[in-house]
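Notes follow once the structure below has been shown.
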Number of protein chains: 2
Amino acid sequence: MPEHRSRKDAARNREAVLEAADTLFARHESPEDVTMADVAAAAGVGKGTLFRAFGDRAGLLRALYEGRFEPIREAVEAGTSPLGPATPPQDRVPALLDAVLCFKLDNRRLALALEEGGSSSPYGAEHYERWHGLLRDVLEQIPGLTDSDFTAHALLAATRADLVEHLAGEKRVPRERMRAQLATYVARVLAFGPPQSIDRR
Amino acid sequence: MPEHRSRKDAARNREAVLEAADTLFARHESPEDVTMADVAAAAGVGKGTLFRAFGDRAGLLRALYEGRFEPIREAVEAGTSPLGPATPPQDRVPALLDAVLCFKLDNRRLALALEEGGSSSPYGAEHYERWHGLLRDVLEQIPGLTDSDFTAHALLAATRADLVEHLAGEKRVPRERMRAQLATYVARVLAFGPPQSIDRR
DNA sequence: TGCAAAGCGGACCCATGGTCCGTATTCTTG
DNA sequence: CAAGAATACGGACCATGGGTCCGCTTTGCA
């Protein structure tokens, strides 16, 4: 690549920060009580370094997110798993939502930090856009389903980080139960009523 | 009466603050750029007064909310409208969700401020608890519907303030269209499949 | 080895929620 | 109506946290 690679101290520090942040967010109840200064300190780095590497808090969160999300994204794009494009829509939709839920269960704090993240709503983020677009397109292929756009929003809303945190964290709902509930719910949305489902085409 | 009423200057100031806050939140794009100092200034009052009257930012928001929400709450509790307890569950659920949606459409900024409101997730607020509890109970009465608790959460999630704001505000989805989409969605969730409930699982 | 360029880091800035306390207003009681 | 107690007022003040600045250090190319 033409563009210079970053200096090795920069690269090292970047990694250190990512690791420290990851640990800190995982350790603390609420993302709010992990400050940028904390992250810098834990990484053994100055605040200036931190901000130069990631721009701002959102940038740091985004970087963490991308790292964690890579595998899933790959599975969705090209994989042969139920997430991949080869899966028929009515099976792929639940699989996608289950994947989102699992991701948020596995990365509760991070997802929370990213999603509520203060200033802007999650709906501005481009990763949301991507998921919504994908889901919308898949829904579109299910015959008889109207309002794919809104439906995609509504389904994704059922997996919002703070809801997941509330249920899994405070209400102590076990992982598998949540997955089952979401699956049932999604199935219900996709399985439109008996009488009028026949004539659809 | 045992407990003294508040002094009249206090009462007057309280009103002034509520009014000023209402106006300010309505005028600004994001709740974030209405500061407590702004509110105090607009009300012609000192910050001390503001904080004494409402405790903190959340308290002010809550007070505003309660005022706005009163009518709906009454309709739900005792009214004869479709919101009231007399309505059969399968009709009441859509009515309730439509009411929530309309409220958030009519009070976009306020709802946004209240819901994302920074520190704590909406799921901690007791007004959410109330709505969720009510919806859960009504859902419970619909035969064949399982997981009422989760379903209530998921349905309410479809009316979250930031989603409403995103759709109505940025995406310019007209009010009636949103209501229709939500209604369709809710109907789909409530209209579960035939006896054998599909082979899915 | 020399010397830009890139990077470092922590002192510093500033906005904002929230507190404090001396002063002003209101209520009560005689 | 007087006067003291109780309550409220308000803006200076504080703490916190994101983000910036800039003199010094490290890196890496020649």
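Labels below follow one simple rule: chain letters A, B, ... track the order of the sequence lines, proteins then strands, and each chain is numbered from 1.
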Is the gap between the ring centers of A/H166 and B/Y128 under 6.0 Å?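 Not close enough - the centres of the two rings lie 6.0 Å or further apart.
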Can you check whether B/W131 and B/F103 have ring centres sitting under 6.0 Å from each other?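 For B/W131 and B/F103, the ring centres are not under 6.0 Å apart.
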Under a 4.0 Å heavy-atom cut-off, which of residues 34-48 of chain A touch DNA chain D?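 When residues 34-48 of chain A is checked for heavy atoms under 4.0 Å from DNA chain D, the hits, listed by number, are A/T35, A/M36, A/K47, A/G48.
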Listed nucleotide nearest any side-chain atom of [X], set [options]:
X     : options               : answer
A/T49 : C/dG17, C/dT25, C/dC8 : C/dC8
B/R7  : D/dG10, C/dT26, C/dC8 : C/dT26
B/F51 : C/dG17, D/dG19, C/dG7 : C/dG17

Take a 6.0 Å sphere around CZ of B/R27 and say whether it holds more than 12 heavy atoms from other residues, nucleotides or ligands.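 Not buried by this count: 12 neighbours or fewer within 6.0 Å.
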Under the 3.5 angstrom rule, does the side chain of B/T87 hit a backbone N or O of B/R92 as a donor-acceptor pair?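 Side chain of B/T87 to backbone of B/R92, a donor-acceptor pair under 3.5 Å: no, none is there.
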So, does A/N13 get its side chain near the phosphate of C/dC8, meaning an N or O under 4.0 Å from OP1 or OP2?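 Yes, A/N13 has a side-chain N/O under 4.0 Å of OP1/OP2 on C/dC8.
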Can you check whether A/R57 has a side-chain N or O nearer than 4.0 Å to OP1 or OP2 of D/dG19?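 Result: no.
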Hey, are [X] and [Y] close enough for a salt bridge, meaning a charged N less than 4.0 Å from a carboxylate O?
X      : Y      : value
B/R62  : B/E66  : no
A/R179 : A/E176 : yes
B/R160 : A/D162 : yes

[atom1] of [X] versus [atom2] of [N]: gap in Å, rounded?
X     : N      : atom1 : atom2 : answer
A/L60 : D/dG17 : CG    : P     : 16 Å
B/F54 : C/dT19 : CZ    : P     : 15 Å
A/L50 : D/dG19 : CG    : P     : 10 Å
A/R12 : D/dG28 : CZ    : P     : 10 Å
A/R52 : C/dA5  : CZ    : C1'   : 13 Å

Closest-nucleotide 5' rank along DNA chain C - winner of A/D9 and B/K8: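 It is A/D9, whose closest nucleotide lies nearer the 5' terminus.
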